[in-house]
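Just below is one structure, and these are the notes that go with it.
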Number of protein chains: 2
Amino acid sequence: MQHDEKNILGLHLPTDPRWVDLAQISLEDILTDHAYCEQKAATSCISLIQRYPHKKELVNELSPIVTEEWGHFRLVLQELQKRNLQLGKQRKDEYVNKLLQFEIKGGNEEDRLLDKLLICALIEARSCERFKRLSEGLNDDYLKSFYRRFMESEAGHYATFIELAENYVDKEKVRKRWNEWLAYEAEIIQQLKPRGDRMH
Amino acid sequence: MQHDEKNILGLHLPTDPRWVDLAQISLEDILTDHAYCEQKAATSCISLIQRYPHKKELVNELSPIVTEEWGHFRLVLQELQKRNLQLGKQRKDEYVNKLLQFEIKGGNEEDRLLDKLLICALIEARSCERFKRLSEGLNDDYLKSFYRRFMESEAGHYATFIELAENYVDKEKVRKRWNEWLAYEAEIIQQLKPRGDRMH
């Protein structure tokens, strides 16, 4: 584990370096999985808007993110089709399913909102880190710069989710819960074997 | 029932003329309901893409419609906020729920796909007709032209769904089932009392 690798958006554990090599040899799978990640990012924001229509900042910040994530889905689809590859079926997302197990189910409204925003922030942060790996480690120059742009965009979304959390919840509480999430996420990353057919 | 009213995109029954007057006096409700209609239009297309990722024409035709419908959601949101109105909670959609009761549940893959596409076509057609009513009957000139643009867009989407159906299913079968749907939809419209707080 290199020192500089440790700090991408606060993540505790860097991605196993073998992952990019695995992704390289299963490009169809990784592009399909990536397309569905963008789709899920869009529908998660739609669900948040549906759940909290009275929270104006949340609605106003997340509405343009839906447009952006869906635009990403279309870009990834284009890459698949340029290569005569098909958008396959959506696969089970073990990483996200494990994250959701840590989400507060009861609790008060504020705690539940906080967790929902932090899960989104965390997925954006890890996606950003994975895109960085792809932008550095793939063989194809075009795809390297393709993934560099995604990396920048996800970093922006990560920041938006954290800011929204701090807008609705006391900053100290956000920091404390964010650290718990980071620690939990590192455990998941350690448990999951790196798979070249999954973004996470 | 005026003769020219009967033929908007083949619908059998025009909207009760009192509906626009009711909508006029509950603008917050109608805008909120409209916003969620656009949102549901976007998520329905996402679901179709998820269900039929191997159908290239469907994926390619519906992907830009998601962008467009979500853009509509954002425009309606803007209208609410300009008027200091809130995006309220999503309401029960009796019209769509009744439509879904007519959808083939078993049957073969082709029949199910056909019904899914025709339901979308039908909702677009009825929305188009409602937007026409609003564009003609509201008091506010700005909103009249606002709804005129939506009307044109929904007419385009209606055509896309019918074309997709004809792309995957024998045209004669499409025509026959479409007529069954039109007859069923007219029954629903006759049953439902016009409500100024609902788009349908």
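Computed over heavy atoms, backbone and side chain alike; hydrogens, waters and symmetry mates excluded. Fair warning: this is a prediction, and the values are worked out from it, not measured in the lab. The sequence lines fix the lettering, A, B, ..., with proteins before strands; numbering per chain opens at 1.
Chain B forms the most heavy-atom pairs under 4.5 Å with one residue out of A:Thr43, A:Thr32, A:Ile49, and that residue is A:Ile49. Ranked by heavy-atom pairs shorter than 4.5 Å toward chain B, the options A:Gly71, A:Gly88, A:Pro64 are led by A:Pro64.
Cation-pi geometry between A:Lys116 and A:Tyr52 is not met at under 6.0 angstrom from the ring centre and within 45 degrees of the axis.
Under a 3.5 Å cut-off, the side chain of B:Ser63 and the backbone N or O of A:Arg74 do not form any donor-acceptor pair.
Between B:Arg126 and B:Glu129, at least one side-chain N (NZ, or NE/NH1/NH2) sits under 4.0 Å from a carboxylate O, which counts as a salt bridge. Residues A:Lys40 and A:Asp93 are paired through a salt bridge, judged by an N-O separation under 4.0 Å between the basic side chain and the carboxylate.
For a residue to count as touching a neighbouring chain, one of its non-hydrogen atoms must lie under 4.5 Å from one of that chain's; by this rule B:Gln90 touches chain A with the side chain only. Residue B:Gln78: no heavy atom, backbone or side chain, is found under 4.5 Å from chain A. Heavy atoms of A:Gln50 lying under 4.5 Å from chain B belong to its backbone as well as its side chain.
The CG atom of A:Leu114 sits 10.5 Å away from atom CD of A:Glu103, with the distance rounded to the nearest 0.5 Å.
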